Amino acid sequence: MRSYLFVPADSERKLEKSLQSSADCLLIDLEDSVSIARKETARTLAAAFVEEQHRTKDRSAIVIRINSLTSAMADDDLAALVPVRPDGVLLPKSEHGVDVQKLSAMIAVHEARSGIEHGNTDIHALITETATGLLNAATYGGASDRLKSVSWGAEDLSADLGVETNRDDKGHYTDVFRLARTSTLLAAASAGVMAVDTVYVDFRNEAGLETECREAVRDGFSGKMAIHPNQVEIINRVFTPSPEAIEKALRIVSLFEQSGPDAGVLSLDGKMIDRPHLRQAERLLSRARDAGVSP
């Protein structure tokens with residue numbers, strides 16, 4: 001998936017408006033955008049929204065951001081939402097692979113109570129929103145077969161560290177936030193899951209968003225989170241592989257297929273390519289298929 005749009009779960013208007021976006025995934029938020037007093041209302045509205053979307057053809061994926069495991073609200077979130085079969089759950093402020101294991105076990109209980117097949121609900125995790133989470137980013141390999149992606153959060157990490165700003169005078173992330181971004185990429189590769197880039201909060205700055213998206217694609221992120229529907233088009237466009245990139249990837253795959261299983265170093269357009277180039281080509285073609293661009 002390329003674009004993940006956050007939608008406050010307690011706003012019927014915003015839930016309805018989100019359907020007009022072309023987001024690959026709607027992140028229905030029960031956490032930061034919902035006050036304590038409205039948590040139960042948010043659960044009710046989110047459950048009704050998920051049930052309604054199951055009757056919709058060609059819908060976006062729906063993932064529920066629950067409250068953190070330390071909030072004493074996560075199990076209530078799961079009790080309300082797992083029975084209506086969302087595509088996944090987003091775990092905020094995850095601080096260790098053990099947190100994903102705990103969440104997987106909690107989901108399994110609610111799936112069993114609801115008569116839902118075990119493993120129906122995926123997990124996505126925000127893994128560097130706290131200093132502890134950043135230091136434990138390498139612990140997600142083998143945590144759970146449910147885990148599909150990891151992402152990072154600059155704003156929550158800023159709050160945890162007490163920094164004045166997470167960007168320098170030129171608009172670039174400062175060192176600790178570049179470390180969080182890089183650690184997320186490495187954690188995703190180590191765990192064999194997708195890496196999703198964090199939100200770009202200056203939602204009126206389209207040029208800045210596009211630049212950040214291109215940098216994310218360059219570095220290996222598969223998608224990006226959005227806080228406003230207007231950001232989705234740019235994210236989808238940039239994260240969709242170009243026809244030229246798809247054509248080159250197809251040529252690389254074809255060349256290795258023609259050369260047989262023992263092929264090592266080959267030549268394409270006067271340049272040497274080897275097995276890492278093949279893996280990169282296969283990943284790009286997988287992204288193209290997920291984006292609906294048939295290679």
Side-chain angles (χ1 to χ4, degrees), residues 1-5 21-27 57-63 87-88 90 119 122-125 140-142 144-152 181-182 184-198 200 209-226 231-295:
M1 293 186 286
R2 302 161 296 176
S3 53
Y4 300 73
L5 176 63
S21 78
S22 55
D24 292 337
C25 178
L26 300 177
L27 293 174
K57 216 177 166 185
D58 300 323
R59 64 175 176 83
S60 301
I62 299 178
V63 171
D87 297 294
L90 174 61
D122 292 337
I123 293 175
H124 305 261
Y140 290 85
S144 172
D145 289 341
R146 295 180 189 268
L147 186 64
K148 302 304 177 188
S149 77
V150 294
S151 187
W152 66 292
R181 180 179 183 274
T182 301
T184 300
L185 280 166
L186 294 172
S190 176
V193 300
M194 296 181 293
V196 179
D197 199 18
T198 193
Y200 186 75
L209 172 62
E210 180 152 348
T211 296
E212 198 160 281
C213 287
R214 294 194 181 283
E215 291 172 350
V217 171
R218 175 199 66 196
D219 294 339
F221 285 99
S222 62
K224 189 172 181 64
M225 295 176 172
Q231 295 180 316
V232 171
E233 185 278 328
I234 293 173
I235 294 172
N236 283 349
R237 172 166 50 80
V238 176
F239 278 89
T240 300
S242 68
E244 295 77 16
I246 293 172
E247 189 271 338
K248 181 178 179 180
L250 287 170
R251 291 174 62 202
I252 291 173
V253 171
S254 177
L255 184 60
F256 273 93
E257 288 177 346
Q258 294 171 13
S259 301
D262 296 326
V265 177
L266 302 173
S267 176
L268 181 69
D269 297 332
K271 295 182 179 180
M272 305 304 290
I273 61 171
D274 53 15
R275 290 283 167 180
H277 293 94
L278 174 61
R279 291 196 297 273
Q280 289 175 326
E282 290 171 338
R283 288 185 62 179
L284 185 141
L285 294 175
S286 177
R287 281 177 44 218
R289 286 190 293 271
D290 289 343
V293 182
S294 299

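Because the structure is predicted, anything quoted here is derived from the model rather than measured.
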- Please report the C-alpha distance between Asp219 and Arg181 in whole Å, then the side-chain angles of each, then the deciding distance to 0.1 Å, and finally whether the side chain to side chain contact (heavy atoms under 4.5 Å, CB included) criterion is met. CA-CA 10 Å; Asp219 294 339; Arg181 180 179 183 274; 2.9 Å; yes

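- The number of heavy atoms from other shown groups lying within 6.0 Å of NZ (Lys148) is above 12.
- Here the side chains of Ile273 and Val265 are not in contact, with every heavy-atom distance at 4.5 Å or above.
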- Walk me through it: do His124 and Val150 pass the test side chain to side chain contact (heavy atoms under 4.5 Å, CB included)? CA-CA 6 Å; His124 305 261; Val150 294; over 6 Å; no

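- Scored by the side-chain contact (heavy atoms from CB on, under 4.5 Å) test, Ala187 finds Ile127, Ala137 as partners (sequence neighbours excluded).
- The line from CG of Leu5 to OG of Ser60 is 8.5 Å long, rounded to the nearest 0.5 Å.
- Partner of Phe239 under the side-chain contact (heavy atoms from CB on, under 4.5 Å) criterion, chosen from Ser3, Cys213, Ser222: Cys213.
- Among residues two or more places apart in sequence or in another chain, the side chain to side chain donor-acceptor pair (under 3.5 Å) test is passed with Asp87 by Arg59.
- At least one side-chain heavy atom of Arg279 sits less than 4.5 Å from a side-chain heavy atom of Arg275.
- Residue pairs meeting the side-chain hydrogen bond (donor to acceptor under 3.5 Å, both in side chains) criterion with at least one member in residues 256-265, sequence neighbours excluded: Ser254-Gln258.
- Nearest approach of Arg287 to Pro241, heavy atoms of both residues: NH2-CG, 3.9 Å.
- Counting heavy atoms from C-beta on, the side chains of His277 and Asp274 come closer than 4.5 Å.
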- Message: Is there a side chain to side chain contact (heavy atoms under 4.5 Å, CB included) between Leu209 and Lys224? Walk through the geometry before answering.
- Response: CA-CA 10 Å; Leu209 172 62; Lys224 189 172 181 64; 3.8 Å; yes

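- Annotation for Cys25 and Met1: closest pair CB-SD, 3.6 Å, computed over non-hydrogen atoms.
- Here the closest non-hydrogen pair linking Ser22 and Asn236 is O-ND2, 2.9 Å.
- Counting heavy atoms from C-beta on, the side chains of Val217 and Val238 come closer than 4.5 Å.
- Taking a cutoff of 4.0 Å between a charged side-chain nitrogen and a carboxylate oxygen, Arg2 and Asp24 qualify as a salt bridge.
- Separation of atoms CD (Glu244) and NZ (Lys248) is listed at 11.5 Å; rounding is to 0.5 Å.
- Rounding to the nearest 0.5 Å places OG1 of Thr240 at 11.0 Å from CD1 of Ile235.
- Expressed to the nearest 0.5 Å, how far CZ of Arg283 lies from CE of Met194 amounts to 11.0 Å.
- Taking CD of Glu282 as the reference point, atom CZ of Phe256 lies at 9.0 Å (rounded to 0.5 Å).
- In this structure, the side chains of Asp122 and Ser149 stay at 4.5 Å or more apart for every pair of heavy atoms.
- The minimum heavy-atom distance between Val253 and Ala281, with the atom names listed, is CG2-CB, 4.1 Å.
- Ion pair Glu210/Arg214 flagged as a salt bridge, since at least one NZ, NE, NH1 or NH2 atom sits closer than 4.0 Å to an Asp/Glu carboxylate oxygen.
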- Message: Let's go through Met272 and Leu266 carefully: what are the C-alpha distance in whole Å and the side-chain angles of both, what is the deciding distance for side chain to side chain contact (heavy atoms under 4.5 Å, CB included) to 0.1 Å, and is it a yes or a no?
- Response: CA-CA 6 Å; Met272 305 304 290; Leu266 302 173; over 6 Å; no

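- When each of Asp197, Thr184, Thr198 is tested with Trp152 by the rule side-chain hydrogen bond (donor to acceptor under 3.5 Å, both in side chains), just one qualifies, namely Asp197.
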